[in-house]
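See below for the structure under consideration.
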Amino acid sequence: MERFTNKTVLITGGATGIGLATARRLLEEGAYVVLAGRRPERLEAAARALDADGGRVATVPADVAEPTDLDRLMRRIETWRGGLNAVFANAGVGVFGPSGQLSADDLDRILDVNVKGVFRTVRKALPLMGDGGAFVLNASWTLHRGLPVAAAYAASKAAVHNLARTFAAELAPAGIRVNSVSPGYIDTEMYRAANPGPDAEARDAAQVPLGALGHPDEVAAAVAFLASDDAAYITGQDLIVDGGLVAAVPTGAEK
Ligand SMILES: NC(=O)c1ccc[n+]([C@@H]2O[C@H](COP(=O)([O-])OP(=O)(O)OC[C@H]3O[C@@H](n4cnc5c(N)ncnc54)[C@H](OP(=O)(O)O)[C@@H]3O)[C@@H](O)[C@H]2O)c1
């Protein structure tokens with residue numbers, strides 16, 4: 001499939017995990033990809049791994065919580081490619097633990113990156129987006145099912161999906177679609193940092209009807225679908241990619 005031939009896609013948080021897997025998928029389908037994130041060395045390593053020949057990957061160090069970084073990012077994209085066809089607003093942070101132990105700084109950081117960062121990524125990318133463009137926002141399964149250690153994170157991701165709904169309505173007249181994706185337990189650096197120890201994977205996989213953590217490629221496939229013309233009549237939706245975690249209790253765990 002080459003659904004993204006000559007199309008330009010911005011991926012925030014594109015150097016690792018789900019963002020990196022999505023970049024690989026979109027490159028395979030013909031896209032030009034812009035990777036943004038805070039750590040230049042991770043961005044450069046990702047670009048080398050993805051596009052050894054050069055030419056179809058650009059990297060821009062940027063913190064989505066900093067409006068001036070986003071302005072610089074959009075100027076760079078305009079200079080490089082002249083515009084954008086799709087954006088995966090994927091950058092996010094999580095701090096997990098009982099809500100009473102969340103520091104004021106952690107609460108601010110979660111909201112600054114996950115909510116304000118996604119809001120501003122969409123608003124600031126808009127002038128570069130043409131008719132037929134698509135935004136995909138990275139939310140989380142925790143917006144659908146309470147998780148005791150994730151009060152602020154889950155609330156931020158509920159806001160992300162709500163932004164997808166409102167932006168979907170606001171941008172439909174411009175021919176632009178906006179959806180969110182809600183990954184379940186996906187094996188990435190964020191998952192491993194939040195779930196240390198040898199027992200975490202088995203514990204979490206046991207909650208998933210399909211019986212395993214998800215792979216970043218499995219989310220990337222859903223993002224590519226939502227960003228492509230295959231999803232031309234889909235907007236304002238949340239696509240849950242979680243092996244059934246939100247929908248059902250696994251067979252054998254029902255008692
Ligand atoms: N893994 C899961 O189980 C899971 C489940 C549900 C939702 N998600 C969501 O999936 C998204 C990607 O996470 P992941 O699991 O792939 O973990 P990850 O590999 O840690 O990816 C997070 C990415 O976001 C970037 N980032 C963080 N803060 C940023 C900021 N302020 N500005 C720009 N980039 C920033 C990070 O790069 P820098 O640190 O270099 O900036 C990193 O590349 C997140 O929004 C997360 O909430 C993950």
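Computed from a predicted structure; not experimentally measured. Counting starts at 1 for both ligands and their atoms, in listed order.
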Can you find a pair of side-chain heavy atoms, one from Asp217 and one from Arg25, that are under 4.5 Å apart?
-> no

Charged N to carboxylate O under 4.0 angstrom, Arg72 versus Asp69?
-> yes

Please answer: with hydrophobic residues joined when any side-chain heavy atoms are less than 4.5 Å apart, are Val122 and Val87 in the same cluster?
-> yes

Does at least one non-hydrogen atom of Ser182 fall below 4.0 angstrom from an atom of ligand 1?
-> no

What residues, two or more places apart in sequence or in another chain, satisfy salt bridge (Lys or Arg N to Asp or Glu O under 4.0 Å) together with Arg24?
-> none

Tell me which protein heavy atom sits closest to atom 31 (N) of ligand 1, plus the residue, atom name and distance to 0.1 Å.
-> Asp63 OD1, 2.7 Å

Taking non-hydrogen atoms only, is Val113 closer than 4.0 angstrom to ligand 1 via side chain, backbone, both or neither?
-> side chain

N or O contact, Asn90 vs ligand 1, cut-off under 3.5 Å = yes

Is the shortest heavy-atom distance from the side chain of Asp229 to the side chain of Arg3 under 4.5 Å?
-> no

Say whether Ala139 and ligand 1 are in contact under the criterion: heavy-atom distance to a ligand atom below 4.0 Å.
-> yes

For atom 42 (C) of ligand 1, what's the nearest protein heavy atom and its distance?
-> Thr16 OG1, 3.2 Å

Nearest protein heavy atom to atom 47 (O) of ligand 1, by residue and atom, and its distance?
-> Tyr153 OH, 2.6 Å

So, Asn195 versus Tyr185: side-chain donor-acceptor pair below 3.5 Å or not?
-> no

Would one find an N or O of Ala36, backbone or side chain, under 3.5 Å from an N or O of ligand 1?
-> no

Could you pull out, from Thr188, Ile186, Val219, the option with a heavy atom nearest to atom 14 (P) of ligand 1?
-> Thr188

Is Glu201 paired with Arg192 through a side-chain N to carboxylate O contact shorter than 4.0 Å?
-> yes

For atom 37 (O) of ligand 1, grab the closest protein heavy atom and report residue, atom and distance to one decimal in Å.
-> Arg39 NH2, 3.7 Å

Does Asn138 reach the main-chain N or O of Gly92 with its side chain, forming a donor-acceptor pair under 3.5 Å?
-> no

Ligand 1 to Val93, heavy atom cutoff 4.0 Å, flagged ligand atoms 27 (C), 28 (N)

Quick one: are Tyr191 and Asp204 in side-chain contact, heavy atoms under 4.5 Å?
-> yes

Closest to atom 25 (C) of ligand 1 among protein heavy atoms sits Gly13 CA, 3.6 Å

Short N/O distance, under 3.5 Å, between Ile18 and ligand 1?
-> yes

With a 4.5 Å limit on heavy-atom distance, are the side chains of Ile176 and Leu126 in contact?
-> yes

Return yes or no for this condition: an N or O of Ala15 is under 3.5 Å from an N or O of ligand 1.
-> no

The option among Gly117, Gly19, Ala65, Ala91 carrying the non-hydrogen atom nearest to atom 34 (N) of ligand 1 is Ala91

Does ligand 1 have any atom that is closer than 4.0 Å to a heavy atom of Gly214?
-> no

Would you kindly say whether Asp242 and His144 are connected by a side-chain donor-acceptor distance under 3.5 Å?
-> no

For Asn138 and ligand 1, answer yes if some heavy atom of the residue is under 4.0 Å from a ligand atom, otherwise no.
-> yes

Atom of Leu239, atom of Phe225 and distance for their closest heavy-atom approach | CD2-CD2, 4.3 Å

Any side-chain heavy atom of Pro61 within less than 4.5 Å of one from Leu43?
-> yes

Applying a 4.0 Å heavy-atom criterion (strictly less than), which segment of Ala62 is in contact with ligand 1: side chain, backbone, both, or neither?
-> backbone

For Lys157 and ligand 1, answer yes if some heavy atom of the residue is under 4.0 Å from a ligand atom, otherwise no.
-> yes

Return a yes/no value for Ser140: is any of its N or O atoms, backbone included, closer than 3.5 angstrom to an N or O of ligand 1?
-> no

Any heavy atom of Arg109 sitting closer than 4.0 Å to ligand 1?
-> yes

Give the single entry among Gly184, Ala21, Gly14, Ala194 that approaches atom 4 (C) of ligand 1 most closely by any heavy atom.
-> Gly184

